[in-house]
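Worksheet for the structure shown next.
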Amino acid sequence: MLKNSLGVSFKHCVYEVVRNIKKGEVLTYKEVATLAGRPLAYRAVGNILNNNYDEKIPCHRVVRSNGLIGGYNRGGEEKLKRLRQEGAII
DNA sequence: CGTATGACGTGCA
DNA sequence: GTGCACGCCATAC
């Protein structure tokens with residue numbers, strides 16, 4: 001896998017960004033991609049999270065630009081529930 | 001190295 | 001406002 005100018009994989013950046021999301025903070029895939037350093041890689045962001053969603057990573061706080069929560073385990077019911085608990089309005 | 005996949009986004013009908 | 005199709009990027013095999 002190629003590394004960016006910073007010497008870190010885009011995947012790693014996405015992890016850091018998502019992990020950096022505070023409680024009640026909701027970002028879109030595009031935002032995460034931008035913060036990760038690749039504004040046009042929102043497609044890869046979804047892929048990375050899909051193959052690497054961890055307990056330490058609040059990937060449930062990453063939603064789509066059109067307002068949809070996107071996807072999550074079990075169809076996203078858990079994700080929607082969590083977002084509501086944190087105060088996110090979907 | 002080349003191909004296939006995907007939790008997306010935007011455009012057009 | 002809704003539905004269909006294309007395009008984009010990075011990762012994994």
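Below, chain A is the first sequence line, B the second, and so on; all start at residue 1.
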Notebook entry, point to check: What one-letter contact string describes nucleotides 7-13 of chain B from 5' to 3', where B marks a base within less than 4.0 Å of any protein heavy atom, S marks contact via sugar-phosphate atoms alone, and - marks no contact?
Noted result: BBSS---
Margin query: Using every non-hydrogen atom in the two residues, find where Tyr29(A) and Gly71(A) come nearest and quote the distance to one decimal.
Written below: OH-N, 4.2 Å
Note to self: Can you tell me how the ring of His60(A) sits relative to the ring of Tyr72(A), calling it parallel under 30°, perpendicular over 60° and tilted otherwise?
What the structure shows: perpendicular
Next item on the list: Indicate if Tyr53(A) and Val17(A) have the same hydrophobic cluster label, given that clusters are the connected sets of ILVMFWY residues with side-chain heavy-atom separations under 4.5 angstrom.
Entry: no
Next item on the list: Can you spot which of Thr28(A), Val14(A), Leu27(A), Ile21(A) makes a side-chain contact (heavy atoms from CB on, under 4.5 Å) with Val62(A)?
Entry: Ile21(A)
Notebook entry, point to check: For Lys3(A) and dT11(C), what is the distance between atoms NZ and P respectively, to the nearest whole Å?
Noted result: 11 Å
Check: Where the side chain of Asp54(A) meets the backbone of Lys56(A), is there a donor-acceptor pair that is under 3.5 Å apart?
Finding: no
